[in-house]
There are 2 protein chains.
Amino acid sequence: MKKEKVRERIIRVASELFYKQGFNSTGINQIIAEADIAIGSLYNHFSSKNDLLQAYLLKEEENWFEGFESSVINISEPKEKILALVDYRKKLQQSSKFAGCHFIKIISEIGDSNPVVFDFVKKHKEKQKDLIKLLIINCGETSSASEPDITTDNIFLLIEGAVVTSTINKNSDSFGQVKKIVEGLLP
Amino acid sequence: MKKEKVRERIIRVASELFYKQGFNSTGINQIIAEADIAIGSLYNHFSSKNDLLQAYLLKEEENWFEGFESSVINISEPKEKILALVDYRKKLQQSSKFAGCHFIKIISEIGDSNPVVFDFVKKHKEKQKDLIKLLIINCGETSSASEPDITTDNIFLLIEGAVVTSTINKNSDSFGQVKKIVEGLLP
DNA sequence: GTCTATAACAAGATAGAC
DNA sequence: GTCTATCTTGTTATAGAC
(Lines give C-alpha, C1' and ligand atoms only; values in the text may rest on other atoms or scores of the structure.)
Protein backbone atom coordinates (compact mmCIF):
# COMPACT_ATOMS: atom_id res chain seq x y z
CA MET A 1 0.00 0.00 0.00
CA LYS A 2 1.54 3.25 -1.08
CA LYS A 3 1.77 6.33 1.13
CA GLU A 4 -1.34 8.40 1.49
CA LYS A 5 -0.92 11.81 -0.11
CA VAL A 6 -1.82 14.99 1.72
CA ARG A 7 -4.81 15.73 -0.48
CA GLU A 8 -6.18 12.25 0.10
CA ARG A 9 -5.67 12.53 3.82
CA ILE A 10 -7.55 15.83 3.91
CA ILE A 11 -10.48 14.30 2.06
CA ARG A 12 -10.51 11.25 4.29
CA VAL A 13 -10.45 13.27 7.51
CA ALA A 14 -13.01 15.79 6.23
CA SER A 15 -15.28 12.96 5.06
CA GLU A 16 -15.36 11.37 8.47
CA LEU A 17 -16.08 14.65 10.18
CA PHE A 18 -18.68 15.86 7.67
CA TYR A 19 -20.42 12.52 7.95
CA LYS A 20 -20.32 12.11 11.72
CA GLN A 21 -20.77 15.72 12.86
CA GLY A 22 -22.39 17.35 9.87
CA PHE A 23 -20.90 19.74 7.34
CA ASN A 24 -21.79 22.97 9.12
CA SER A 25 -20.71 21.67 12.49
CA THR A 26 -17.26 20.80 11.18
CA GLY A 27 -14.80 23.65 11.17
CA ILE A 28 -11.72 24.10 9.04
CA ASN A 29 -9.63 24.24 12.19
CA GLN A 30 -10.80 20.82 13.28
CA ILE A 31 -10.05 19.35 9.87
CA ILE A 32 -6.49 20.66 9.79
CA ALA A 33 -5.91 19.58 13.38
CA GLU A 34 -7.01 15.99 12.76
CA ALA A 35 -5.25 15.83 9.41
CA ASP A 36 -2.17 17.28 11.13
CA ILE A 37 -1.51 19.95 8.53
CA ALA A 38 -1.41 23.75 8.50
CA ILE A 39 -4.32 25.82 7.25
CA GLY A 40 -2.24 27.18 4.40
CA SER A 41 -1.75 23.64 3.18
CA LEU A 42 -5.46 22.98 3.10
CA TYR A 43 -6.14 26.08 1.03
CA ASN A 44 -3.36 25.08 -1.29
CA HIS A 45 -5.26 21.91 -2.17
CA PHE A 46 -8.82 23.22 -1.94
CA SER A 47 -10.05 26.68 -2.81
CA SER A 48 -12.76 26.70 -0.15
CA LYS A 49 -14.65 24.56 2.31
CA ASN A 50 -17.29 24.12 -0.38
CA ASP A 51 -14.68 22.83 -2.76
CA LEU A 52 -13.73 20.26 -0.15
CA LEU A 53 -17.39 19.32 0.22
CA GLN A 54 -17.60 18.52 -3.47
CA ALA A 55 -14.46 16.41 -3.35
CA TYR A 56 -15.95 14.55 -0.40
CA LEU A 57 -19.20 13.73 -2.21
CA LEU A 58 -17.37 12.68 -5.36
CA LYS A 59 -15.22 10.30 -3.32
CA GLU A 60 -18.23 8.89 -1.49
CA GLU A 61 -20.04 8.22 -4.75
CA GLU A 62 -16.99 6.40 -6.04
CA ASN A 63 -16.82 4.35 -2.84
CA TRP A 64 -20.53 3.59 -2.99
CA PHE A 65 -20.50 2.02 -6.43
CA GLU A 66 -17.18 0.27 -5.94
CA GLY A 67 -18.47 -1.16 -2.67
CA PHE A 68 -21.64 -2.39 -4.28
CA GLU A 69 -19.85 -3.97 -7.22
CA SER A 70 -17.47 -5.86 -4.98
CA SER A 71 -20.35 -7.08 -2.83
CA VAL A 72 -22.15 -8.67 -5.80
CA ILE A 73 -19.08 -9.92 -7.64
CA ASN A 74 -19.89 -13.54 -6.84
CA ILE A 75 -23.65 -13.28 -7.37
CA SER A 76 -25.14 -14.11 -10.76
CA GLU A 77 -28.89 -14.24 -10.12
CA PRO A 78 -30.47 -10.77 -10.66
CA LYS A 79 -32.95 -11.29 -7.83
CA GLU A 80 -30.10 -12.14 -5.49
CA LYS A 81 -28.30 -9.02 -6.61
CA ILE A 82 -31.28 -6.90 -5.60
CA LEU A 83 -31.37 -8.55 -2.20
CA ALA A 84 -27.61 -7.99 -2.02
CA LEU A 85 -28.21 -4.29 -2.61
CA VAL A 86 -30.47 -4.21 0.43
CA ASP A 87 -27.79 -6.04 2.40
CA TYR A 88 -25.19 -3.59 1.12
CA ARG A 89 -27.12 -0.57 2.39
CA LYS A 90 -27.65 -2.44 5.64
CA LYS A 91 -23.94 -3.14 5.95
CA LEU A 92 -23.12 0.52 5.28
CA GLN A 93 -25.47 1.57 8.03
CA GLN A 94 -24.14 -0.95 10.51
CA SER A 95 -20.50 -0.12 9.90
CA SER A 96 -21.22 3.59 10.32
CA LYS A 97 -23.27 2.98 13.48
CA PHE A 98 -26.39 4.09 11.61
CA ALA A 99 -25.11 7.50 10.66
CA GLY A 100 -27.33 7.64 7.58
CA CYS A 101 -26.85 8.22 3.86
CA HIS A 102 -24.14 10.76 3.02
CA PHE A 103 -26.24 12.23 0.25
CA ILE A 104 -29.55 12.50 2.07
CA LYS A 105 -27.68 14.02 5.01
CA ILE A 106 -26.03 16.78 3.05
CA ILE A 107 -29.26 17.73 1.29
CA SER A 108 -31.06 17.83 4.62
CA GLU A 109 -28.41 20.17 5.85
CA ILE A 110 -27.84 22.55 2.97
CA GLY A 111 -31.17 22.24 1.14
CA ASP A 112 -30.87 23.80 -2.29
CA SER A 113 -28.61 26.62 -1.16
CA ASN A 114 -25.75 25.07 -3.12
CA PRO A 115 -27.05 24.16 -6.59
CA VAL A 116 -23.91 22.25 -7.61
CA VAL A 117 -24.13 19.95 -4.61
CA PHE A 118 -27.88 19.63 -4.91
CA ASP A 119 -27.62 18.62 -8.54
CA PHE A 120 -24.86 16.15 -7.81
CA VAL A 121 -26.96 14.39 -5.17
CA LYS A 122 -29.98 14.31 -7.47
CA LYS A 123 -27.91 12.68 -10.19
CA HIS A 124 -26.41 10.25 -7.69
CA LYS A 125 -29.84 9.03 -6.64
CA GLU A 126 -30.83 8.69 -10.28
CA LYS A 127 -27.82 6.43 -10.79
CA GLN A 128 -28.88 4.29 -7.85
CA LYS A 129 -32.36 3.99 -9.28
CA ASP A 130 -31.02 3.15 -12.74
CA LEU A 131 -29.00 0.38 -11.17
CA ILE A 132 -32.14 -1.06 -9.56
CA LYS A 133 -34.07 -0.80 -12.80
CA LEU A 134 -31.38 -2.71 -14.66
CA LEU A 135 -31.46 -5.49 -12.07
CA ILE A 136 -35.27 -5.64 -12.23
CA ILE A 137 -35.27 -5.92 -16.01
CA ASN A 138 -32.72 -8.72 -15.77
CA CYS A 139 -35.17 -10.56 -13.53
CA GLY A 140 -37.06 -11.27 -16.73
CA GLU A 141 -40.55 -10.96 -18.17
CA THR A 142 -41.94 -13.52 -15.79
CA SER A 143 -41.73 -10.92 -13.05
CA SER A 144 -44.74 -9.93 -10.95
CA ALA A 145 -47.94 -8.51 -12.38
CA SER A 146 -46.48 -4.99 -12.06
CA GLU A 147 -44.52 -3.35 -14.80
CA PRO A 148 -40.76 -3.07 -14.21
CA ASP A 149 -40.97 0.70 -13.75
CA ILE A 150 -43.41 0.37 -10.88
CA THR A 151 -41.35 -2.37 -9.28
CA THR A 152 -38.26 -0.19 -9.60
CA ASP A 153 -39.98 2.77 -7.93
CA ASN A 154 -41.28 0.44 -5.27
CA ILE A 155 -37.91 -1.02 -4.35
CA PHE A 156 -36.07 2.27 -4.61
CA LEU A 157 -38.50 4.03 -2.26
CA LEU A 158 -38.50 1.12 0.18
CA ILE A 159 -34.71 1.18 0.43
CA GLU A 160 -34.56 4.96 0.87
CA GLY A 161 -37.22 4.70 3.55
CA ALA A 162 -35.32 1.88 5.22
CA VAL A 163 -32.12 3.93 5.34
CA VAL A 164 -33.68 6.97 7.00
CA THR A 165 -35.69 4.77 9.34
CA SER A 166 -32.67 2.74 10.39
CA THR A 167 -30.82 6.01 11.02
CA ILE A 168 -33.55 7.19 13.37
CA ASN A 169 -34.05 3.83 15.08
CA LYS A 170 -30.36 2.96 15.19
CA ASN A 171 -31.06 -0.60 14.14
CA SER A 172 -31.32 -2.74 10.99
CA ASP A 173 -34.93 -3.85 11.38
CA SER A 174 -36.15 -1.86 8.40
CA PHE A 175 -33.79 -3.70 6.05
CA GLY A 176 -35.20 -7.03 7.18
CA GLN A 177 -38.67 -5.68 6.46
CA VAL A 178 -37.63 -4.53 3.00
CA LYS A 179 -36.08 -7.89 2.17
CA LYS A 180 -39.30 -9.66 3.12
CA ILE A 181 -41.34 -7.33 0.92
CA VAL A 182 -38.92 -7.48 -1.99
CA GLU A 183 -38.88 -11.27 -1.94
CA GLY A 184 -42.64 -11.18 -2.38
CA LEU A 185 -42.33 -8.75 -5.27
CA LEU A 186 -39.88 -10.70 -7.39
CA PRO A 187 -40.33 -14.12 -9.04
CA MET B 1 -57.85 35.75 15.88
CA LYS B 2 -56.09 37.00 18.93
CA LYS B 3 -52.78 38.78 18.94
CA GLU B 4 -49.70 36.64 18.53
CA LYS B 5 -47.64 36.64 21.65
CA VAL B 6 -43.88 37.23 21.56
CA ARG B 7 -43.01 33.67 22.47
CA GLU B 8 -45.20 32.35 19.69
CA ARG B 9 -43.70 34.77 17.20
CA ILE B 10 -40.19 33.65 18.13
CA ILE B 11 -41.12 30.01 17.60
CA ARG B 12 -42.81 30.77 14.30
CA VAL B 13 -39.87 32.75 12.93
CA ALA B 14 -37.31 30.25 14.22
CA SER B 15 -39.30 27.36 12.74
CA GLU B 16 -39.29 28.90 9.29
CA LEU B 17 -35.57 29.59 9.44
CA PHE B 18 -34.58 26.25 10.96
CA TYR B 19 -36.64 24.50 8.31
CA LYS B 20 -35.55 26.51 5.29
CA GLN B 21 -31.89 27.16 6.15
CA GLY B 22 -31.10 24.45 8.63
CA PHE B 23 -30.61 24.68 12.38
CA ASN B 24 -26.85 25.28 12.36
CA SER B 25 -27.02 27.79 9.53
CA THR B 26 -29.54 29.90 11.41
CA GLY B 27 -28.06 32.34 13.89
CA ILE B 28 -29.67 33.87 16.93
CA ASN B 29 -29.10 37.30 15.40
CA GLN B 30 -31.14 36.43 12.34
CA ILE B 31 -33.98 35.10 14.46
CA ILE B 32 -34.22 38.23 16.58
CA ALA B 33 -33.94 40.46 13.53
CA GLU B 34 -36.81 38.75 11.69
CA ALA B 35 -38.91 38.46 14.84
CA ASP B 36 -38.15 42.14 15.47
CA ILE B 37 -37.14 41.70 19.09
CA ALA B 38 -33.97 42.25 21.13
CA ILE B 39 -31.66 39.42 22.02
CA GLY B 40 -32.38 39.90 25.71
CA SER B 41 -36.03 39.22 24.98
CA LEU B 42 -35.25 35.95 23.27
CA TYR B 43 -33.19 34.68 26.19
CA ASN B 44 -35.97 35.71 28.52
CA HIS B 45 -38.28 33.22 26.79
CA PHE B 46 -35.77 30.51 25.93
CA SER B 47 -32.76 29.46 27.93
CA SER B 48 -30.69 28.55 24.86
CA LYS B 49 -30.83 27.93 21.14
CA ASN B 50 -31.29 24.26 21.95
CA ASP B 51 -34.27 25.07 24.10
CA LEU B 52 -35.75 26.89 21.12
CA LEU B 53 -35.06 23.88 18.93
CA GLN B 54 -37.09 21.67 21.23
CA ALA B 55 -39.98 24.12 21.25
CA TYR B 56 -39.85 24.17 17.46
CA LEU B 57 -40.04 20.38 17.15
CA LEU B 58 -42.84 20.16 19.71
CA LYS B 59 -44.84 22.73 17.75
CA GLU B 60 -44.19 20.98 14.45
CA GLU B 61 -45.37 17.66 15.84
CA GLU B 62 -48.54 19.33 17.07
CA ASN B 63 -49.09 20.90 13.65
CA TRP B 64 -48.42 17.60 11.92
CA PHE B 65 -51.11 15.61 13.70
CA GLU B 66 -53.62 18.45 13.71
CA GLY B 67 -53.08 18.91 9.99
CA PHE B 68 -53.57 15.22 9.32
CA GLU B 69 -56.71 15.00 11.42
CA SER B 70 -58.31 17.95 9.66
CA SER B 71 -57.41 16.50 6.27
CA VAL B 72 -59.26 13.23 6.98
CA ILE B 73 -62.16 14.70 8.94
CA ASN B 74 -64.61 13.98 6.12
CA ILE B 75 -63.23 10.57 5.18
CA SER B 76 -64.71 7.45 6.75
CA GLU B 77 -63.20 4.60 4.73
CA PRO B 78 -59.88 3.40 6.31
CA LYS B 79 -58.32 2.73 2.93
CA GLU B 80 -59.17 6.25 1.81
CA LYS B 81 -57.63 7.56 5.02
CA ILE B 82 -54.35 5.84 4.19
CA LEU B 83 -54.37 7.34 0.73
CA ALA B 84 -55.22 10.68 2.34
CA LEU B 85 -52.10 10.31 4.49
CA VAL B 86 -50.01 10.02 1.35
CA ASP B 87 -51.78 13.07 -0.05
CA TYR B 88 -51.16 14.91 3.21
CA ARG B 89 -47.41 14.30 3.08
CA LYS B 90 -47.52 15.33 -0.58
CA LYS B 91 -49.35 18.54 0.28
CA LEU B 92 -46.83 19.34 3.04
CA GLN B 93 -44.00 18.90 0.58
CA GLN B 94 -45.64 21.02 -2.11
CA SER B 95 -46.52 23.87 0.23
CA SER B 96 -42.95 23.95 1.56
CA LYS B 97 -41.48 23.79 -1.95
CA PHE B 98 -40.13 20.32 -1.17
CA ALA B 99 -38.09 21.33 1.83
CA GLY B 100 -38.37 17.87 3.35
CA CYS B 101 -39.50 16.41 6.66
CA HIS B 102 -38.68 18.58 9.69
CA PHE B 103 -37.77 15.54 11.75
CA ILE B 104 -35.59 13.74 9.21
CA LYS B 105 -33.84 17.02 8.50
CA ILE B 106 -32.89 17.75 12.09
CA ILE B 107 -31.60 14.22 12.65
CA SER B 108 -29.54 14.46 9.47
CA GLU B 109 -28.05 17.65 10.79
CA ILE B 110 -27.39 16.92 14.45
CA GLY B 111 -27.14 13.11 14.37
CA ASP B 112 -27.29 11.77 17.89
CA SER B 113 -25.28 14.62 19.40
CA ASN B 114 -28.42 15.82 21.19
CA PRO B 115 -30.07 12.79 22.84
CA VAL B 116 -33.24 14.67 23.83
CA VAL B 117 -33.92 15.76 20.28
CA PHE B 118 -32.93 12.39 18.87
CA ASP B 119 -35.30 10.59 21.19
CA PHE B 120 -38.11 13.01 20.43
CA VAL B 121 -37.79 12.38 16.70
CA LYS B 122 -37.65 8.63 17.21
CA LYS B 123 -40.85 8.75 19.22
CA HIS B 124 -42.47 11.00 16.65
CA LYS B 125 -41.83 8.51 13.88
CA GLU B 126 -43.19 5.72 16.07
CA LYS B 127 -46.39 7.72 16.44
CA GLN B 128 -46.66 8.09 12.67
CA LYS B 129 -46.20 4.37 12.25
CA ASP B 130 -48.76 3.58 14.96
CA LEU B 131 -51.21 5.77 13.12
CA ILE B 132 -50.66 3.79 9.91
CA LYS B 133 -51.00 0.50 11.74
CA LEU B 134 -54.33 1.56 13.20
CA LEU B 135 -55.64 2.48 9.76
CA ILE B 136 -54.41 -0.82 8.31
CA ILE B 137 -56.14 -2.84 11.01
CA ASN B 138 -59.34 -0.91 10.39
CA CYS B 139 -59.12 -2.03 6.76
CA GLY B 140 -60.29 -5.39 8.07
CA GLU B 141 -59.30 -9.01 7.95
CA THR B 142 -60.05 -9.24 4.27
CA SER B 143 -56.81 -7.35 3.66
CA SER B 144 -54.07 -8.66 1.42
CA ALA B 145 -52.27 -11.94 1.96
CA SER B 146 -49.69 -10.12 4.09
CA GLU B 147 -50.10 -9.67 7.80
CA PRO B 148 -51.02 -6.18 9.00
CA ASP B 149 -47.58 -5.64 10.52
CA ILE B 150 -45.84 -6.25 7.24
CA THR B 151 -48.27 -4.01 5.39
CA THR B 152 -47.69 -1.31 8.00
CA ASP B 153 -43.91 -1.51 7.60
CA ASN B 154 -44.35 -1.51 3.86
CA ILE B 155 -46.47 1.63 3.72
CA PHE B 156 -44.46 3.47 6.36
CA LEU B 157 -41.18 2.86 4.55
CA LEU B 158 -42.66 3.77 1.18
CA ILE B 159 -43.90 7.10 2.51
CA GLU B 160 -40.60 7.94 4.21
CA GLY B 161 -38.80 7.05 1.00
CA ALA B 162 -41.21 9.19 -0.99
CA VAL B 163 -40.62 12.21 1.23
CA VAL B 164 -36.83 12.12 0.96
CA THR B 165 -37.02 11.38 -2.75
CA SER B 166 -39.44 14.23 -3.43
CA THR B 167 -37.11 16.52 -1.47
CA ILE B 168 -34.20 15.58 -3.70
CA ASN B 169 -36.17 15.63 -6.95
CA LYS B 170 -38.22 18.71 -6.04
CA ASN B 171 -41.38 17.11 -7.38
CA SER B 172 -44.33 15.00 -6.22
CA ASP B 173 -43.78 12.03 -8.51
CA SER B 174 -42.83 9.67 -5.69
CA PHE B 175 -46.16 10.22 -3.94
CA GLY B 176 -48.02 9.20 -7.09
CA GLN B 177 -45.88 6.08 -7.20
CA VAL B 178 -46.65 5.28 -3.57
CA LYS B 179 -50.38 5.73 -4.08
CA LYS B 180 -50.32 3.30 -6.99
CA ILE B 181 -48.46 0.71 -4.92
CA VAL B 182 -50.62 1.22 -1.84
CA GLU B 183 -53.83 0.81 -3.84
CA GLY B 184 -52.54 -2.58 -4.95
CA LEU B 185 -51.72 -3.51 -1.37
CA LEU B 186 -55.10 -2.82 0.20
CA PRO B 187 -58.46 -4.51 -0.47
C1' DG C 1 -40.16 42.06 30.10
C1' DT C 2 -37.65 44.41 26.84
C1' DC C 3 -33.71 46.87 25.75
C1' DT C 4 -28.36 47.94 24.44
C1' DA C 5 -23.70 46.81 24.99
C1' DT C 6 -20.37 43.59 25.18
C1' DA C 7 -17.96 39.43 26.50
C1' DA C 8 -15.67 35.32 24.92
C1' DC C 9 -14.84 32.64 21.33
C1' DA C 10 -14.88 30.27 16.63
C1' DA C 11 -15.76 30.69 11.82
C1' DG C 12 -13.72 30.90 6.84
C1' DA C 13 -10.21 32.84 4.38
C1' DT C 14 -5.69 35.42 3.13
C1' DA C 15 -0.69 37.18 3.25
C1' DG C 16 3.70 36.45 3.12
C1' DA C 17 7.97 34.06 5.21
C1' DC C 18 10.58 30.03 4.30
C1' DG D 1 4.08 23.22 -0.82
C1' DT D 2 3.90 23.97 3.85
C1' DC D 3 4.17 26.99 7.51
C1' DT D 4 2.58 30.90 11.16
C1' DA D 5 0.26 35.05 11.98
C1' DT D 6 -3.56 37.70 11.21
C1' DC D 7 -8.00 39.78 9.28
C1' DT D 8 -12.83 40.14 9.32
C1' DT D 9 -16.93 38.61 10.54
C1' DG D 10 -20.25 35.92 12.98
C1' DT D 11 -21.40 32.90 16.83
C1' DT D 12 -24.01 32.01 21.48
C1' DA D 13 -24.73 33.94 25.62
C1' DT D 14 -24.63 37.36 29.65
C1' DA D 15 -24.85 41.92 32.37
C1' DG D 16 -27.16 45.48 33.74
C1' DA D 17 -30.00 49.88 32.56
C1' DC D 18 -34.75 51.12 32.08
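Residue numbers begin at 1 in each chain, while the letters A, B, ... track the order of the sequences.
- Residues from residues 10-26 of chain A placing a heavy atom under 4.0 Å of any atom in DNA chain D do not occur.
- A donor atom on one side chain and an acceptor atom on the other are not found under 3.5 Å apart for B:Arg89 and B:Gln94.
- Other residues, nucleotides and ligands contribute over 12 non-hydrogen atoms within 6.0 Å of the NZ atom of B:Lys20.
- Boundaries of the chain A contact region on DNA chain C are C:dA11 to C:dT14, first to last in 5' to 3' order (nucleotide atom under 4.0 Å from a heavy atom).
- Seen from the ring of B:Phe98, B:Lys170 does not count as a face-on cation partner, given the 6.0 Å and 45° thresholds.
- Taking the six-membered ring for Trp and the full ring otherwise, A:His102 and A:Tyr56 have centroids separated by under 6.0 Å.
- The separation between B:Ile31 atom CD1 and D:dA13 atom P is 11 Å, rounded to whole Å.
- Between the side chain of B:Thr165 and the backbone N or O of B:Ala162 there is no donor-acceptor pair closer than 3.5 Å.
- In plain terms, the two heavy atoms of A:Val163 and A:Gln93 that are nearest each other are O-NE2, 3.2 Å.
- Contacts between residues 39-51 of chain A and DNA chain D, counted as heavy-atom distances below 4.0 Å, involve A:Ile39, A:Gly40, A:Ser41, A:Asn44, A:His45.
- Atom NZ of B:Lys133 is surrounded by 12 or fewer heavy atoms from other residues, nucleotides or ligands within 6.0 Å.
- Between B:Tyr88 and B:Trp64, the distance from one ring center to the other falls under 6.0 angstrom.
- No side-chain donor-acceptor contact under 3.5 Å links A:Lys90 to the backbone of A:Phe175.
- Taking a 6.0 Å sphere around CD of A:Glu77, one finds it holds 12 or fewer heavy atoms contributed by other residues, nucleotides or ligands.
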